[in-house]
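For reference, the structure is listed below as structure tokens.
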Amino acid sequence: MKRLLTVVAISLFCSAAGQAAGFEPRAKTPAPALQAQDLNGVPRTLADYRGKVVLLNFWASWCPPCLREMPSLERLRVNMAGRPLAIVALDSAETPEDVNAYLARMKLGFPVLLDPDGSNTQRWKVFALPTSFLLDAEGRVRYVLTGPTEWDEGEALRVIESLLAERPVQPK
Amino acid sequence: MHFFKLLMFTLWVCAFGAQAGLPDYQAFPAKGERLLLWVASERGRADPELQAARKLAAQGVEVWSLDLVNAYFLPQLPSSMDEVPRQDLVDWLRAAQASGKQVAVFAVARAAAPVLQAAAQLDPAQRRRLCVLLMYPNLYTQAEALAEPDYLDVGALSGLRVRVLQPRRSAATPWLPGLLDHLALHGASVSRVILENLREGYWARETPTEFEVAESQRMDAMLLRELNAWGCT
């Protein structure tokens, strides 16, 4: 309980010194629904990424640890080009103007979805930012990470590679 | 005569005992009719909080500023709030009300937990006279991704007026309705105000925005505005 409170408080406060608590494995949990729009107003759901490993990152433009990990997410996207990994950043409970103001400064090549009313944040039970979910190719939640990390190295990369390795070989 | 001396001695001992149970707080006296009990968060008291207390006192609102982690030599952690002797806070609230002034409490983050639990131990009449402002209260006992949140049992709050001040830029903002429901279920009369363009602890941020810096310097005005708008006078 004390550890939980500490982690939650540190994450809620978005301390600049905050470090990720580590990837929590989940027993192939069914993923909640994702019902969001991208910056062009196009509706998006998890079905759009079916067959791929999905890294779903909940973030906000006011959250320093969220912004700190963004460059590593972009490097991961570049390094994984051509591989079945979808990186999806879901902005939690902000306006499109707030999100676009940040994206004008930071170019990201992966889709950014909007959750202006926080409904996805509530459905996924996200209480701290950033929180990231790794889904396997069958759309099940396999890992949860509360807090920031460097996505293109270390444990994060190992976990992603392990999920990519699980994918059945596609018939040619 | 001996009986009178014994009675006076007993009263003195009781008074001293009660005083000894009060937490060590910093008072900013004022002649007005209002008394604000300012309870800093588990991260300790920041300079802008003291500056705001001085400004409030200059405007006639007496402030008693309490830094729980400092007063009880506790680590700056949310769990430290569980270690605060509740009876000390109950005695502190009663001492404030004994001043005859209209008392409001302003508690930040996890400090909301011991404050509410102390308020629950007041007599109903004392509780009805109290106003509680909670700044982004953290009352979770469980808040794990993909799981329903669970909240702390804060006791019976019937008659207590609680107003939650929630900075918009917070992961807790989408969860505010659930928190208010929890407080209402405990009997509190709840209301809330969203503080736009602000983050939690905006007065103590390492890299504050210009607006946060400005608002840090206007905390006294913000609190007065909320107390007046709320009718807690």
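None of the values given here were measured: they were computed from a predicted structure. Chain A is the first sequence line, chain B the second, and so forth, proteins listed ahead of strands; every chain is numbered from 1.
- To the nearest 0.5 Å, the span separating CZ on Arg168(B) from OG1 on Thr95(A) amounts to 9.5 Å.
- Heavy atoms from other residues, nucleotides or ligands lying under 6.0 Å from CD of Glu210(B) number 12 at most.
- Proximity to chain B is limited to the side chain of Val144(A), based on heavy atoms less than 4.5 angstrom apart.
- Closest approach of Ala128(A) and Ala171(B) over heavy atoms only: CA-CB, 3.9 Å.
- Within a 6.0 Å radius of CZ in Arg192(B), no more than 12 heavy atoms belonging to other residues, nucleotides or ligands are found.
- For Lys125(A) and Glu148(B), the salt-bridge test passes: some basic side-chain N is under 4.0 Å from an acidic carboxylate O.
- Of the two parts of Asp117(A), neither the backbone nor the side chain holds a non-hydrogen atom closer than 4.5 Å to a non-hydrogen atom of chain B.
- In this structure, the portion of Ala147(B) lying under 4.5 Å from any heavy atom of chain A is its backbone and not its side chain.
- No donor-acceptor distance shorter than 3.5 angstrom exists from the side chain of Trp62(A) to the backbone of Leu198(B), with no hydrogens or angles considered.
- With a 4.5 angstrom heavy-atom cutoff, Phe58(A) does not touch chain B via any of its atoms.
- Counting only distance, with no hydrogens or angles, the side chain of Arg199(B) and the backbone of Cys63(A) share no donor-acceptor pair below 3.5 Å.
- The 12-atom threshold is exceeded at CZ of Arg75(A), counting heavy atoms of other residues, nucleotides or ligands nearer than 6.0 Å.
- The environment of Asp24(B) atom CG is sparse: at most 12 non-hydrogen atoms of other residues, nucleotides or ligands sit within 6.0 angstrom.
- Side-chain contact between Leu146(B) and Glu24(A) is absent, with no heavy atoms from C-beta onward closer than 4.5 Å.
- For Arg26(A), the part lying near chain B is the side chain, with the backbone staying farther off; criterion is any non-hydrogen pair under 4.5 Å.
- Of the two parts of Thr121(A), the backbone and the side chain both hold a non-hydrogen atom closer than 4.5 Å to a non-hydrogen atom of chain B.
- Heavy atoms of Ala60(A) lying under 4.5 Å from chain B are absent altogether.
- Side-chain contact check for Glu144(B) versus Phe127(A): every heavy-atom pair is 4.5 Å or farther apart.
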